[in-house]
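Notes follow the structure.
All values below come from the heavy atoms of this structure, side chains included, with hydrogens, waters and symmetry mates left out.
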Number of protein chains: 2
Amino acid sequence: MATMPPAKRPSLIDVAREAGVSIATVSRVLNEQGPVRPETRALVLKTIARLHYTPDLQARALAGRDSNTIGMIISNIENPFFVDVYRSLEQEAHRLGREVLVANTGYDPERLAASVRIMLGRRVTGIAAIISEMEPSLLKELVQSGVPVVMYDVGGAGRNIVNVRVDYAAGMRETVELLYGMGHRHFAFVGHHTALSPLSVRWQAFTTAMEQLGSPVRHQVVTNADSLDGGYRAAHQLLDAGNRPTAIVCINDLMATGVLRGLRDRGIDVPGDISVTGFDNVPMSQYLAPQLTTVDVPRAEIGRIAAERLIQPKRARGQISDEILITPKLIVRESTGPAA
Amino acid sequence: MATMPPAKRPSLIDVAREAGVSIATVSRVLNEQGPVRPETRALVLKTIARLHYTPDLQARALAGRDSNTIGMIISNIENPFFVDVYRSLEQEAHRLGREVLVANTGYDPERLAASVRIMLGRRVTGIAAIISEMEPSLLKELVQSGVPVVMYDVGGAGRNIVNVRVDYAAGMRETVELLYGMGHRHFAFVGHHTALSPLSVRWQAFTTAMEQLGSPVRHQVVTNADSLDGGYRAAHQLLDAGNRPTAIVCINDLMATGVLRGLRDRGIDVPGDISVTGFDNVPMSQYLAPQLTTVDVPRAEIGRIAAERLIQPKRARGQISDEILITPKLIVRESTGPAA
DNA sequence: TTGAAAGCGCTACCAC
DNA sequence: GTGGTAGCGCTTTCAA
């Protein structure tokens, strides 16, 4: 028994040959472009079906048409926040007839660089960078590529860059003031590694808000991985360090969820003994016990805006950069209460 | 001031011209293949950097080398279960030098069909279908495409298909027996729409387990969207319907989380009044209060196996199909207790 | 060690 | 209406 040849996938040529027409005609029916006699059309369609022909998108993109795809890079798909932005961006992209190529970096700078190369290599028509950090050199590469880019959290300037910013300062101020008003004077901030950076907008927003409160207020900081477990460990570290705070402000809901669990393990009541706040208002935050006090960041809006800007970048010439500011909103739930 | 031309991206030709060598040479240094004089190599590299050249992956794939990409289709990225499988598959793929192309169908059959077309169109070297349903015609198309496929939950046979199955029957039996042993006689099953299908392995596993318990045991069913909110609404429906069960078995942790919240809203104590179980053992299940009794499905293993099978499909000839069975394990936590 | 040239599968333009 | 054909950017023989 002879070994079968690798059974190459059928191409336009195969379809054309089988149908007895030219490849140009097949292409026409495929793209519903230009005139084709109904009968010819039907024949071609039948042949395509018979051969299980699937157009090669790479070749199609190569031959002039663009890739019809926008890329999205996120730093932690484990965090529901990013997933929500992704879903909204994808929905909008599909509505506008585009596909989405996702890449998850896991906060790894190398993966980020690789992801950018892949996106550029696949000739995406735009890139949404929903990440927490970006090396200047990479950013420069992105600017020079000329591809439309929407950035979130990390800034950047260039005629092809649009920045989406959340007014963290406002959100953090509301949070801190709520707590302060409830009598809290000893705060702790729980963040993840990337948040150490002076570039971290959330961290900066927190310190600024604290400074505005004045001198009698103290705070300490714990950093860990951006995960449920990271928050969990942070809570234990905080308690082990002694000098217990009465309010714990977390960089996001994911970590706050871990903190809540860590405190419960140690028999600490929330908000009776300690108050806890998150940030983002991910769906999960409502399903916890106690429900999390947090700051709502409109993820759906962010994804939608990113898709829009990427797909219809009809921007005025000469404009250096663009900035979109989003205002978050404090949502008070059960995890905060008067200082013990 | 003249309008700038669209500033096409530099190609191999541009690099070759600038460096004064042939495109073949540039290609060689790019792929670290064949002999190239160190000085030539250095020159080319410098030129590439200067021009910010990024190879066109589509063209590369077209010209013979494969796309170096495996595709993954999931049905609900909102469910952490799928995200975990994705992360593990991606990690393994990267370890083996491959990229991953993800598609989320949101349980939409049309999106599923579109996703398959896109994967095939991009000439992925394999597809992991981690979904809950698949139309027979689509499945057939997949088989005929000849692309290696790994399927989870939904079956399929073909020389290019590998099935990963979880022994839901075992997991459900353990769950139901735990509850029965605690005195429960009135069960409710909470599933999502897809679970209505007689093809749904989880639903079948539940009914089978119930039958084995004998006649004095009753059960009712509620279906809703596969989401936190879906579970939440299911709980309310269950309570409104009267004839309250003492144990609620949920199709997965996502819905169980919603159920927990719904019960709490109605002042019902878990597990004091009603016991609740989930399935999957997603990270979140440990962070709830009460912590969820659930069945652990090794997601990381599933992702790893999928990647392996897809990337090294050195399978024996003539083998009709392949099947991998994974045995889940019950994890008893706080959400289950003696019948009221 | 390097270059020339033949495709890969497709679109788009120009003839007929 | 339909066919021929020139690329798109790259890899890969085959010669030089």
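Contacts with DNA chain C (heavy atom under 4.0 Å) in residues 46-64 of chain B: B:Leu62, B:Ala63, listed by number. Listed by residue number, B:Pro35, B:Val36, B:Arg37, B:Thr40 are the residues of residues 32-40 of chain B with a heavy-atom contact under 4.0 Å to DNA chain C. Contacts between residues 113-122 of chain B and DNA chain C, counted as heavy-atom distances below 4.0 Å, involve no residue at all.
Minimum heavy-atom separation, A:Ser115 to A:Thr105: OG-CG2, 4.3 Å. Annotation for A:Ile73 and A:Val116: closest pair CD1-CG2, 3.8 Å, computed over non-hydrogen atoms.
A search for salt bridge (Lys or Arg N to Asp or Glu O under 4.0 Å) contacts involving B:Glu32 returns nothing, not counting sequence neighbours. Contacts of B:Arg41 classified as salt bridge (Lys or Arg N to Asp or Glu O under 4.0 Å), with partners at least two apart in sequence or in another chain: none. The ring-ring contact (aromatic ring centres under 6.0 Å, His included) check on B:Phe81 picks up B:Tyr152, with sequence neighbours excluded.
The salt bridge (charged side-chain N to carboxylate O under 4.0 Å, His left out) contacts involving residues 60-82 of chain A comprise A:Glu78-B:Arg87, where partners must be two or more places apart or lie in separate chains. The salt bridge (charged side-chain N to carboxylate O under 4.0 Å, His left out) pairs that include a residue from residues 96-109 of chain A are A:Glu99-B:Arg111, where partners are two or more places apart or lie in different chains. Sorted by first and then second residue, the salt bridge (charged side-chain N to carboxylate O under 4.0 Å, His left out) pairs involving residues 116-137 of chain A (not counting sequence neighbours) are A:Arg123-B:Asp56.
Distance, A:Leu30 CG to C:dC10 P: 8 Å, rounded to whole Å.
A:Asn68 places a side-chain N or O within donor-acceptor distance of the main-chain N or O of A:Gly97, the cut-off being under 3.5 Å. Side-chain N or O atoms of A:Asp84 include none that pairs as donor or acceptor with a backbone N or O of A:Arg299 at under 3.5 Å. Judged by distance alone, with hydrogens and angles left aside, the side-chain atoms of A:Ser88 form a donor-acceptor pair with the main-chain N or O of A:Arg304 at under 3.5 Å. Judged by distance alone, with hydrogens and angles left aside, the side-chain atoms of A:Asn160 form a donor-acceptor pair with the main-chain N or O of A:Val147 at under 3.5 Å. In this structure, the side chain of B:Asp226 does not engage the main chain of B:Asn79 through any donor-acceptor pair within 3.5 Å. Remark: side-chain polar atoms of A:Arg9 are paired, donor with acceptor, to backbone N or O of B:Leu120 under 3.5 angstrom. No side-chain donor-acceptor contact under 3.5 Å links B:Asn163 to the backbone of B:Glu323.
A nucleotide of DNA chain D counts as in contact with chain B when one of its atoms lies under 4.0 Å from a heavy atom; the first and last such, 5' to 3', are D:dG9 to D:dT12.
Fit an axis to the five pairs at each end of the helix from C:dT1-D:dA16 to C:dC16-D:dG1 and the two axes sit 40° apart, to the nearest 10 degrees.
In terms of phosphate contacts, A:Ser27 brings a side-chain nitrogen or oxygen within less than 4.0 Å of OP1 or OP2 of C:dT11.
By the neighbour-count criterion of 12 heavy atoms within 6.0 Å, atom CD of B:Glu110 is sparsely surrounded, having that number or fewer from other residues, nucleotides or ligands.
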Tabulated below should be each protein N or O lying under 3.5 Å from an N or O of nucleotides 3-5 of chain C; please produce it.
| from | atom 1 | to | atom 2 | distance (Å) |
| --- | --- | --- | --- | --- |
| C:dG3 | OP2 | B:Ser22 | N | 2.9 |
| C:dG3 | OP2 | B:Ser22 | OG | 3.1 |
| C:dG3 | OP2 | B:Thr25 | OG1 | 2.6 |
| C:dG3 | N7 | B:Arg28 | NH2 | 3.1 |
| C:dG3 | O6 | B:Arg28 | NH2 | 2.4 |

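Among A:Val100, A:Val124, A:Val150, the single residue meeting the side-chain contact (heavy atoms from CB on, under 4.5 Å) criterion with A:Ile70 is A:Val100.
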